[in-house]
Amino acid sequence: MIVRFTGLGLGAATLTTVAAASGNTNADVLTASLDVSSFMADPVTPRSILIKDKDDMKVKMEMLIMKIQADFCRALENEEDPSKKFIVDRWTRAEGGGGVTCVIQNGKTFEKAGVNVSVVHGILPVDAVRQMKARGKELIGKELPFFAAGISSVIHPSNPHVPTIHFNYRYFEVTQENGEKMWWFGGGTDLTPYYLVEEDVRHFHSTLKKACDSHDAGYYAKFKKWCDEYFLISHRNECRGVGGIFFDDFEMHSQEDCFKFVKSCAEAVIPSYVPLVKKHRNNPYTSAERDWQLLRRGRYVEFNLVYDRGTKFGLYTPGARIESILMSLPVYAKWEYMHSPSDGTPEAKLTEILKNPKEWI
């Protein structure tokens with residue numbers, strides 16, 4: 001079942017109850033602590049389970065990503081034409097779980113802005129197990145019960161001087177045939193500009209580094225390097241953008257410590273990106289600059305369809321919702337045969353950085 005909403009202020013999406021006349025009960029206190037009236041839609045998990053299992057990591061992750069989605073969508077709407085609001089598409093999955101997909105399309109500031117939350121569970125098929133084993137996860141069994149919750153967003157701006165951003169933060173649990181439960185977090189945030197403004201890139205990386213440093217002084221350098229290596233379009237021998245942070249199979253500390261780190265990274269998205277939107281959304285641009293933007297988007301499409309693990313996992317998952325999985329693709333992109341920017345141009349300057357990643361801070 002798919003329920004569609006437009007705009008904001010979904011007051012019905014709340015778990016807050018009215019206290020009984022005789023006074024608050026423990027159930028009232030628990031319910032009030034799970035108020036979701038600011039979310040874009042009701043959470044996927046039934047409210048009775050959210051209340052009962054409020055300390056379970058599955059619930060904590062779902063509540064976090066629903067909040068991050070709402071905060072980011074509203075921050076983006078503040079930069080858009082007031083008449084243009086996110087379409088909110090709450091969907092369910094027959095095999096278990098569902099999600100909330102929020103999209104703006106053909107806006108003044110954002111040609112396409114998508115922020116997707118998914119909370120799914122069921123049985124992990126053989127192909128998906130292979131995808132995980134290829135990343136070093138040795139799982140016992142051919143078909144395994146799993147839970148996955150994550151937020152994924154890609155913003156394709158209208159103006160070529162506003163960069164694209166991608167972020168994704170996720171949590172997995174898998175139960176093996178022997179009953180052992182495995183869990184891990186993953187995610188990251190990266191920037192894909194069409195024109196290189198080094199001040200902007202330094203701001204972006206500095207914001208992410210601050211989030212990393214609050215947990216471990218070594219995280220930023222480690223995850224920045226991982227990002228440069230992961231978002232590499234191998235067949236082009238160039239990076240997708242100017243990097244950021246990326247990590248996977250993150251389980252080196254307690255579950256709560258890992259969760260707090262992911263929370264800090266997710267909360268860094270707005271301050272890392274929205275100032276760049278404000279700075280450049282009204283910049284004048286030429287038709288040649290627009291063509292370059294479309295060509296670079298073509299490279300973005302190549303990475304997402306050929307290499308991206310999240311895309312592959314989604315497509316291998318039973319009951320895959322294709323619209324939400326491919327939400328990251330732009331409305332418009334372009335390919336030209338043997339295109340190469342002229343030496344000394346801003347386009348060539350960006351291309352050089354994409355082929356030779358550098359340290360920004």
Side-chain angles (χ1 to χ4, degrees), residues 34 43-46 49-69 93 95-99 116-152 167-189 211-212 214-216 218-219 222-223 226-227 230 245-267 308-314 316-320 325:
L34 289 172
V44 174
T45 301
I49 296 176
L50 293 176
I51 296 168
K52 178 174 68 71
D53 298 336
K54 67 182 182 68
D55 294 323
D56 188 290
M57 186 53 67
K58 295 190 289 294
V59 170
K60 294 171 76 169
M61 189 65 181
E62 181 173 356
M63 296 295 285
L64 172 64
I65 60 181
M66 291 293 293
K67 183 180 187 302
I68 294 297
Q69 180 187 55
R93 174 177 171 270
E95 293 80 2
N116 185 59
V117 159
S118 62
V119 181
V120 299
H121 55 87
I123 301 298
L124 200 62
V126 174
D127 286 337
V129 172
R130 289 198 189 103
Q131 288 291 325
M132 290 186 177
K133 284 188 175 181
R135 295 178 4 231
K137 284 289 178 188
E138 289 299 327
L139 303 175
I140 302 171
K142 294 182 178 180
E143 292 192 337
L144 309 175
F146 80 98
F147 171 88
I151 181 168
S152 180
F167 75 91
N168 172 279
Y169 292 100
R170 56 195 180 273
Y171 172 72
F172 284 97
E173 282 188 6
V174 177
T175 304
Q176 303 186 82
E177 283 185 348
N178 61 5
E180 180 185 353
K181 183 177 290 186
M182 300 179 69
W183 61 264
W184 65 94
F185 293 85
T189 307
C212 290
S214 67
H215 295 268
D216 188 308
Y219 279 174
K222 177 181 179 180
F223 297 148
W226 199 340
C227 184
Y230 177 74
I245 57 172
F246 177 83
F247 56 91
D248 207 351
D249 300 334
F250 188 64
E251 56 185 359
M252 63 184 71
H253 301 295
S254 72
Q255 196 176 57
E256 185 64 24
D257 286 343
C258 292
F259 173 74
K260 288 178 179 178
F261 172 65
V262 167
K263 182 174 183 288
S264 294
C265 292
E267 290 174 344
D308 188 73
R309 292 174 186 166
T311 301
K312 289 181 178 180
F313 178 82
Y316 282 124
T317 302
I325 295 169

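Since this is a predicted model, take the numbers as computed values, not measurements. If you read the sequence from its start, that first residue is 1, and numbering goes on from there.
Residue Ile151 holds its CD1 atom at 9.0 Å from CE of Met66, rounded to the nearest 0.5 Å. Note that OH of Tyr171 is 13.0 Å distant from CD of Glu62, once rounded to the nearest 0.5 Å. Separating the NZ atom in Lys52 from the CD1 atom in Ile49 is a distance of 6.5 Å, to the nearest 0.5 Å. The distance from the NZ atom of Lys222 to the CD1 atom of Ile245 is 12.5 Å, given to the nearest 0.5 Å. A distance of 5.0 Å separates NZ in Lys260 from CD in Glu256, rounded to the nearest 0.5 Å. For the atom pair Leu124 CG and Glu143 CD, the distance stands at 9.0 Å (nearest 0.5 Å).
Side-chain contact between Ile325 and Thr311: present, with at least one pair of heavy atoms (C-beta onward) separated by less than 4.5 Å. Side-chain contact between Phe146 and Glu173 is absent, with no heavy-atom pair separated by less than 4.5 Å. The shortest distance between side-chain heavy atoms of Pro43 and Leu50 falls below 4.5 Å. A heavy-atom distance below 4.5 Å is not found between the side chains of Pro145 and His121. Under the 4.5 Å side-chain criterion, counting only non-hydrogen atoms from C-beta, Ile68 is in contact with Glu267. Contact check for Phe250 versus Trp184: no side-chain heavy atoms found under the 4.5 Å cut-off. Considering only heavy atoms from C-beta on, Asp248 comes within 4.5 Å of Arg170 through its side chain.
Of all heavy-atom pairs between Gly98 and Val120, the closest is O-CG1, 3.9 Å. Nearest heavy atoms, Ala211 versus Ser264: CB-O, 3.8 Å.
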Q) Could you go step by step and tell me if Cys212 and Phe261 meet the side-chain contact (heavy atoms from CB on, under 4.5 Å) rule? A) CA-CA 7 Å; Cys212 290; Phe261 172 65; 4.1 Å; yes

Q.
side-chain contact (heavy atoms from CB on, under 4.5 Å), that's the test. Do Val262 and Met61 meet it? Break it down for me.
A. CA-CA 10 Å; Val262 167; Met61 189 65 181; 4.2 Å; yes

Q.
Set out, in order, the CA-CA distance, both residues' side-chain angles and the distance that settles side-chain contact (heavy atoms from CB on, under 4.5 Å) for Thr175 and Glu180, then state yes or no.
A. CA-CA 6 Å; Thr175 304; Glu180 180 185 353; over 6 Å; no

(Q) Run Phe259 and Lys60 through side-chain contact (heavy atoms from CB on, under 4.5 Å) and show every step you take. (A) CA-CA 9 Å; Phe259 173 74; Lys60 294 171 76 169; 4.1 Å; yes

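The ring-ring contact (aromatic ring centres under 6.0 Å, His included) search around Phe167 returns Phe72, not counting sequence neighbours.
The main-chain N or O of Asp56 is never found under 3.5 Å from a side-chain atom of Asp53 such that the two would form a donor-acceptor pair. Side-chain N or O atoms of Arg93 include none that pairs as donor or acceptor with a backbone N or O of Val119 at under 3.5 Å.
Remark: aromatic rings of Phe246 and Tyr230 are close, center separation under 6.0 Å. A distance of 6.0 Å or more separates the ring centres of Phe172 and Phe185.
Side chains of Ser152 and Tyr169: no donor on one and acceptor on the other come within 3.5 Å.
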